[in-house]
Amino acid sequence: MNTHYIKLSIAILGSITLASCGGGDKAAQQQGPPPATPVSTYTVAEQPVTTTDTYPGIVVALNEVELRPQVGGYITAIYIKDGQKVTKGQKLYEIDRTKYLAAYNAAKADVAVAKANRDKAKKDADRYTKLAAQEAVAKQRVDYALTDLANAESQVAAAQAALASSANDYQRSVIVSPLTGTIGISQVKLGALASPGTTLLNTVSTNDPIAVDIAVAQAEIPRFVQLQKSTSAVKDSLFSIEMPDKSVYKRRGRIVAIDRAVDPATGTIKVRISYPNEGGNLVSGMNVNLLALNKEIGNQIVIPYKAVTEQLGEFNVITVGDSSKAVPKIIKVGRQVDQNIVVTSGLKVGEVIVVDGVQNVRPGAVVKAVSPQEANQAAGAPAAAPAKK
């Protein structure tokens, strides 16, 4: 009897086990593969690229002169205010002129004396020459008279040279502006002693037009030489300036000079670009960034920047492979152009990449192309709750 009950229990348990296994297989079949991940895609293509090269620059005056006196003495007058506009020939400083005026007057008197001596010597020479023609005087006396006349002529020339020198000193005791521009802050005060050729009085420079100097790598020299020769470079506004406050000075600039040699220490060459500066926004010595459009790059592979992810210093994109499966690829990137980025290697024209919804895609997962809005909505939706058992 006991044996009969034991056999019956085993049969019942086996039936229950088979039933439960069969139900699990059926549930798995009903669940099926996971749904495709909604993403937006982009087909890789080439397009012309214009990038902006940035060069640190410094604003420089096209013409700048340090004012140093050519004669010495005490400063007796200052005719300008610091930082004011000046015109060519305008009086700026005056050095004590007393001794230079005295030297000038003395030189004038020396010229008058030398001319009087010359006139007397000439009369004597004429008189003796006539007497010699009548054989009324010795020929040697005529020679002496002619020698005295030649000496007198030389003394006149020397006196006139001394007069010119003293006149120059007298004139140079007043320092005038050598150009039209802006004067700086005076380096001397009234009554200061100025030494010829050494004392810096002030600096005057032009401010319109003005220039920006940049250092260009020697590999870029041919490009800038062509830009200097091109008449359209100014019209195309290839050179703009980023000011220290990050605003952009958009006046058109043109290359006015490329230095004669490459600096062997840096491997760069100096390029000078001139700009109009009517408002005086560009000030000599200012540090700026020069923004130069580079149109010579040509066609490049460009993709949306948001399609790129970075991990451990490597840049990756998700490509759509066979059967719409996600395949990650490592790429190398170049310059960023607005909202896009140049790809230098890792992608080919015609490949399809995931743009929106990248964060939801796993390698090997099946993706479905939808609009960017739908992909972003799916990416922002909360994760689905796990199915109840």
Side-chain angles (χ1 to χ4, degrees), residues 24-55 219-220 223 238 240 242 246 248 289 291-389:
D25 292 343
K26 186 176 180 181
Q29 290 174 359
Q30 288 177 351
Q31 185 177 1
T37 304
V39 296
S40 71
T41 60
Y42 172 81
T43 301
V44 177
E46 287 187 343
Q47 65 184 56
V49 176
T50 298
T51 61
T52 301
D53 298 330
T54 302
Y55 301 90
E220 296 186 88
R223 173 189 167 206
L238 291 177
S240 57
E242 184 183 64
K246 302 303 179 183
V248 177
N289 286 325
L291 310 176
L293 294 182
N294 190 344
K295 297 183 177 182
E296 296 186 347
I297 294 180
N299 290 337
Q300 300 285 318
I301 290 179
V302 179
I303 64 173
Y305 186 70
K306 59 184 177 180
V308 181
T309 58
E310 183 181 0
Q311 188 175 13
L312 300 177
E314 290 185 336
F315 295 92
N316 303 268
V317 294
I318 301 295
T319 62
V320 180
D322 295 337
S323 303
S324 298
K325 289 187 177 181
V327 180
K329 274 194 173 183
I330 297 175
I331 62 171
K332 291 184 178 180
V333 298
R335 296 178 181 272
Q336 185 174 350
V337 184
D338 297 329
Q339 301 300 316
N340 300 322
I341 193 166
V342 174
V343 177
T344 58
S345 67
L347 284 179
K348 297 179 181 179
V349 174
E351 289 188 279
V352 178
I353 63 172
V354 175
V355 178
D356 295 288
V358 174
Q359 64 273 27
N360 286 349
V361 179
R362 298 293 178 266
V366 176
V367 297
K368 177 180 66 174
V370 296
S371 68
Q373 293 79 10
E374 293 174 315
N376 289 325
Q377 287 176 359
K388 293 182 179 180
K389 294 185 179 179

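Nearest heavy atoms, N340 versus V302: CB-CG1, 3.3 Å. In terms of heavy-atom proximity, V370 sits nearest to P38 at CG2-CB, 3.8 Å. Taking both residues in full, the closest heavy atoms of A307 and V355 are given as CB-CA, 4.0 Å, listed atom of the first, atom of the second, then distance. Residues A326 and V367 share a closest heavy-atom pair of CB-CG1, 4.3 Å. Smallest separation of non-hydrogen atoms from A45 and V349: CA-CG1, 4.2 Å. Taking each heavy atom of F315 and V308 in turn, the nearest pair found is CD2-CG1, 3.7 Å.
How far CD1 of I331 is from OG1 of T309: 8.5 Å, rounded to the nearest 0.5 Å. Rounding to the nearest 0.5 angstrom, the gap separating the CD atom in E314 from the CD1 atom in I330 is 4.0 Å. I341 CD1 to Q339 CD: the interatomic distance, rounded to the nearest 0.5 Å, is 11.5 Å. Taking CD1 from I303 and CD1 from I353, the interatomic distance works out to 4.0 Å, rounded to the nearest 0.5 Å. E46 CD to Q300 CD: the interatomic distance, rounded to the nearest 0.5 Å, is 7.5 Å.
Counting heavy atoms from C-beta on, the side chains of E242 and T54 never come closer than 4.5 Å. Contact annotation: the side chain of N316 never approaches that of P328 to less than 4.5 Å [non-hydrogen atoms, C-beta and beyond].
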Per-pair distances, 0.1 Å, donor-acceptor, side chain in residues 318-325, under 3.5 Å, sequence neighbours excluded:
{"unit_1": "T319", "atom_1": "OG1", "unit_2": "V327", "atom_2": "O", "d": "2.8"}

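Within the structure, salt bridge (charged side-chain N to carboxylate O under 4.0 Å, His left out) pairs that include any residue of residues 349-360 comprise K306-D356, K329-E351 (at least two apart or interchain).
Within a 6.0 Å radius of CD in Q311, other residues, nucleotides and ligands contribute 12 heavy atoms or fewer.
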